[in-house]
Amino acid sequence: MKRLILFSLLAVIVSPALASAGEDGAAILKNRCASCHDLKGPAPQTIRELWKRDAPDLFYAGNKFRREWLVEWLQKPVRIRPAGVNYLRNINSTPPKSQKGKAGRKFDVLWGEVLRPLKHVKLNRAEAEAAADALMDLRPHYELVAGKKLDSKVKVTLDSGELLIDKVYGCLSCHQIEPGYGGYTGPELYTAGARLQPEFLLSYIDRPKNWDPKIWMPNMHVKPDDLQKIVHYLILLSKEDFDASN
Amino acid sequence: MRPTKMMFAAGLLMFLAAPALHAEEAFLNYKQYCMQCHGMHGKGDGVNVPAMNILPRDHSDNKYMMSRTNTEIYKAIKFGGPAVSKSVKMPPWDDVFTEDEIRQLVGHIRTLCCEQELVRGVNFR
C-alpha cells in the first residue's frame, strides 16, 4: 500500500513534466492551437463562415511561412493585423468628439481589444521549434506555389517599390509599409518579406482568392513584371530596422 | 433613417429589382468588401481613410451619385476607378463577385444615395 501511494505521488509530480517534454509538435498544435486556428481546411467558402473565423488559417502554414520567422514569432508573438482578424468586428462609426477628421470629415475608427498589444500563446524555444516543424509539414497547396519563382535579375529600390505599392496599385490603402504608415484592414507588409515565402507572396498577390476565397483583398491584376518587383521590394523592406528609425 | 422610412425602403427593394434575398446578399457584400474604405454608412469615411490620398466616394451624396449612370457605377465596381477615369485607389472587383452580385451592388448603392429617385421610378440607365 505504501508503495502504491509513493508511486502515485511520484506519477503526479513527474507526469506534467514528462508530458510537456514528450509533447511533440503535432501534439502542441492539436492541444494548444486548434481551438482558435483551423489546421485542417478548407478556408471559409461563404461570408458567414468567414465571420466565424477567430484566428488566421494555419492549415497551409508550410506553403506560407518562413520557418525561422515562425520560431521567433511563436516565442514573442506581436500583432500582424492592425485591425484584427476581421476588421468588421473592431470598427466604430462614432469616433470620439476630439478626433480630427480628414479634410473636415470624420471617419470610422478602430476600438477595443485591437488597440492593445496582442495576447497570444507564447512557446519556449524547444516548443517553438517543434511547433514550427509541425506547421511546416502542412502543405496542401503545392499546386498554388509550383512554378512560382523569384527572378533574381529584377532590381528595385525602396522608392520605386513604394511607388508601385502606393500610386500604381493602391495597396497602401489597406496595408502598412512602415509602422503606422498605411491602412488597417490588411496585414502589415513591412514584415511580410521576412515572414512569408517568396513563392507564397508571388502566388497570393497574384490571386488572393486561390488561398482564401472570401477574403476582402481584391485581385489587383498586378502585371507579372510588377509582381516580381513588388515581392523584391517587400523582401528589401523587411530588412529595414524600423525600431531604430522610430 | 426613421423606422417608417426604413420599412418603406426595404419594401421598395423587395418590390423593385430584387427579391429580398438579393438585397441581403448585396448588403453582406457591401459590408465585407466596401465598408473598409467607404465606411459603415457608405459616407466615404471608412477606417482606411487616414491612409488614403484620394478620398473614397460618399455613396450617400445624392447630387454626385445622380450624375453617374448605373453603367458607370457597374464599371467602377467591376474594373476599378481607372475604368471610369477615376483613381486606382478604387480597386477592381471582377475576380471577387459574379455578374449578378455586381448588379445587386449597383442596386444597393442606389438605395444609399437615391431613395427618392427610386420611389419616383427614375431611369438610371
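Numbers restart at 1 for each chain; the letters A, B, ... are given by sequence-line order, proteins then strands. Because the structure is predicted, anything quoted here is derived from the model rather than measured. Hydrogens, waters and symmetry mates play no part in the numbers below; they use all other heavy atoms, side chains included.
A 4.5 Å side-chain heavy-atom check between B:Q32 and A:N86 finds at least one atom pair inside the cut-off. Contact annotation: the side chain of A:D108 approaches that of B:D45 to within less than 4.5 Å [non-hydrogen atoms, C-beta and beyond]. Taking 4.5 Å as the limit, every side-chain heavy atom of A:F107 sits out of range of all side-chain heavy atoms of B:M52. Between B:N29 and A:I47, the closest side-chain pair of non-hydrogen atoms falls below 4.5 Å.
Here B:D95 is the residue among B:I54, B:V88, B:D95 with the most heavy-atom pairs under 4.5 Å with chain A. In terms of non-hydrogen atom pairs under 4.5 Å with chain A, the most contact-rich of B:Q36, B:K89, B:K31 is B:Q36. Taking chain B as the reference chain and counting heavy-atom pairs below 4.5 Å, the highest number among A:K214, A:Q176, A:M220 is found for A:K214.
Closest of all the heavy-atom pairs between A:Y87 and B:Y33 is OH-N, 4.2 Å. When every heavy atom of A:G183 is checked against every heavy atom of B:A51, the shortest pair comes out as N-CB, 3.2 Å. Shortest non-hydrogen contact noted between A:W51 and B:L28 is CH2-CD2, 3.3 Å. For the residue pair A:W216 and B:W93, the shortest heavy atom distance occurs at O-CH2, 4.1 Å.
In this structure, CG on B:N53 lies 6.0 Å from NZ on A:K167, to the nearest 0.5 angstrom.
Proximity to chain A is limited to the side chain of B:D94, based on heavy atoms less than 4.5 angstrom apart. For A:L88, the part lying near chain B is the side chain, with the backbone staying farther off; criterion is any non-hydrogen pair under 4.5 Å. Proximity to chain B is limited to the backbone of A:I215, based on heavy atoms less than 4.5 angstrom apart.
A:T185 and B:N48 share a side-chain donor-acceptor pair at under 3.5 Å.
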